[in-house]
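Below is one structure, written out as structure tokens; the observations come after it.
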Amino acid sequence: MSAFRWVCESTEGRARAGFLHTAHGVVPTPTFMPVGTVGTVKAMTMDAVRSTGAGIVLGNTYHLMLRPGAEKVRALGGLHRFMDWKGPILTDSGGFQVMSLGALRKLDQDGVTFASHIDGSKHRLTPERSTDIQHALDATITMCFDECPALPAPVEAIEASMRLSMRWAARSREAFARREGYGQFGIVQGGTELGLRAESVRALTDIGFEGYAVGGLAVGEGQALMFATLDGTVPLMPEGAPRYLMGVGTPDDLLGAVERGIDMFDCVMPTRAGRTARAYTERGTLNLRNARHALDTRPLSPDCDCLACTRHDRAYLHHLFRANEMLGPMLLTWHNLAYYQRLMRGIRAAIVAGDLAGHAGRLRAGWASDDW
Ligand SMILES: Nc1nc2c(CCNCC3CCCC3)c3[nH]c(NCCc4ccccc4)nc3cc2c(=O)[nH]1
Ligand SMILES: [Zn+2]
């Protein structure tokens, strides 16, 4: 069994191409991680997820602790067996989901108490409890229990929240059961304040983790401020450890963040868009409910190997969404995930070939063309 580690293969500027070695296999980076919510990537079978080229998927601690419950998943053999996914699984720590679901909650120095959005039952998450739940799920990568402040917020609030998250990071690390090939990631906080971001990176590297995430972003600050924060934060993060930008993003976000040194991403966009008739392509996005697609027999993307592009066309997808057929969201989710994986593979190959700058220019020109 090999130790959990990230190996750099090639760099161009601050961008890196490498391999993440885990107990559940090796994954090339940069990588996009499809979001599995309640033990499933919505509208997808795991074979379909695998066929898109995904290497790591996300599990959702918050949902799974409420239903079916972490102890049941442990008794059933853990999330890998439960959802039939043999590759690495990363689970978030649940705090962000509690806040973003707006569930009735109370935050204190020790943790967060909240009411389940499913049946109103009371629950409590602390750094220890969150770490134990992720262990019960048999997560390959465990995230620290943190607090993600909503932006904009007064600097004092961002500072207090970041320092609370750093105290929780130490408790999360204390509660983490070390296992060969498994890892735990610290989460850098500090809003868009570069001084606070630097203090957070120092606090986490003093504790020591197998990887480091940039949290507290993609919460309404906008792309320019997100990139500016990365410019001031990523160079301070350990070069030999994987870097994960949480909750990001659009194809343009992914490209810009890879150029700024990020290796791992997760976002609900491709799957959520797939369910709402929005297609991602090399030429921008399409709303397939629009009547202009009714007689268009072209595939979504000419060089896409997904089922929607090899066996069907835009006219058929348009019909499925107009008819509210469940095959619509299934095929379009498949396409969007396949597009995101193809995008990451192309970016990685460009870094290895030393032509990320040229490739980035061609990608941005295509997205700007927005031709149908
Ligand atoms: N622990 C933690 N998680 C964060 C997350 C959740 C990442 N996805 C987790 C998956 C695990 C299960 C579900 C998600 C974030 N997601 C976003 N933005 C999402 C923005 C967005 C919203 C809606 C649509 C598209 C993008 N910022 C985030 C910051 C943090 C953070 O600081 N700490
Ligand atoms: Zn496709």
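Predicted model only: the values in this text are computed from it and were never measured. For ligands, and for the atoms within them, numbers begin at 1 and follow the listed sequence.
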For a quick test of your reading: what N or O donor-acceptor pairs under 3.5 Å do the side chains of residues 213-229 make, sequence neighbours left out?
unit_1 : atom_1 : unit_2 : atom_2 : d
Glu221 : OE1    : Ala218 : N      : 3.1
Glu221 : OE1    : Val219 : N      : 2.9
Glu221 : OE2    : Ala218 : N      : 2.8
Gln223 : NE2    : Asp252 : OD2    : 2.9
Gln223 : NE2    : Asp253 : OD1    : 2.7
Thr229 : OG1    : Leu225 : O      : 2.7

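- Distances from ligand 1 to the non-hydrogen atoms of Gly95 include no value under 4.0 Å.
- Protein heavy atom nearest atom 28 (C) of ligand 1, with residue, atom name and distance: Phe96 CE1, 3.4 Å.
- Comparing Ala273, Gly36, Ala218, Cys267 by heavy-atom distance to atom 20 (C) of ligand 1, the nearest is Ala218.
- Among all protein heavy atoms, the one lying closest to atom 14 (C) of ligand 1 is Val35 CG1, 3.8 Å.
- The proximity of Arg272 to ligand 1, defined as any non-hydrogen pair under 4.0 Å, is limited to the side chain.
- Within the structure, side chain to side chain donor-acceptor pair (under 3.5 Å) pairs that include any residue of residues 47-59 comprise Asp47-Arg50, Ser51-Trp334 (at least two apart or interchain).
- Here Met143 has no heavy atoms under 4.0 Å from ligand 1, in either its backbone or its side chain.
- Close to ligand 1: Gln97, with a non-hydrogen atom less than 4.0 angstrom away.
- Here Ala213 has no heavy atoms under 4.0 Å from ligand 1, in either its backbone or its side chain.
- Residue Ile187 touches ligand 1 through its side chain alone, judged by heavy-atom distances below 4.0 Å.
- At least one heavy atom of Asp146 sits closer than 4.0 Å to an atom of ligand 1.
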Let me have the donor-acceptor pairs involving side chains of residues 31-44, under 3.5 Å, with sequence neighbours excluded, atom names and distances please.
unit_1 : atom_1 : unit_2 : atom_2 : d
Thr37  : OG1    : Lys42  : NZ     : 3.4

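- Listed by chain and number, the protein N, O or S atoms at a distance under 2.8 Å from the Zn ion (ligand 2) are Cys304 SG, Cys306 SG, Cys309 SG, His335 ND1.
- Residue contacts with ligand 1, taken as heavy atom pairs separated by less than 4.0 Å, do not involve Thr91 at all.
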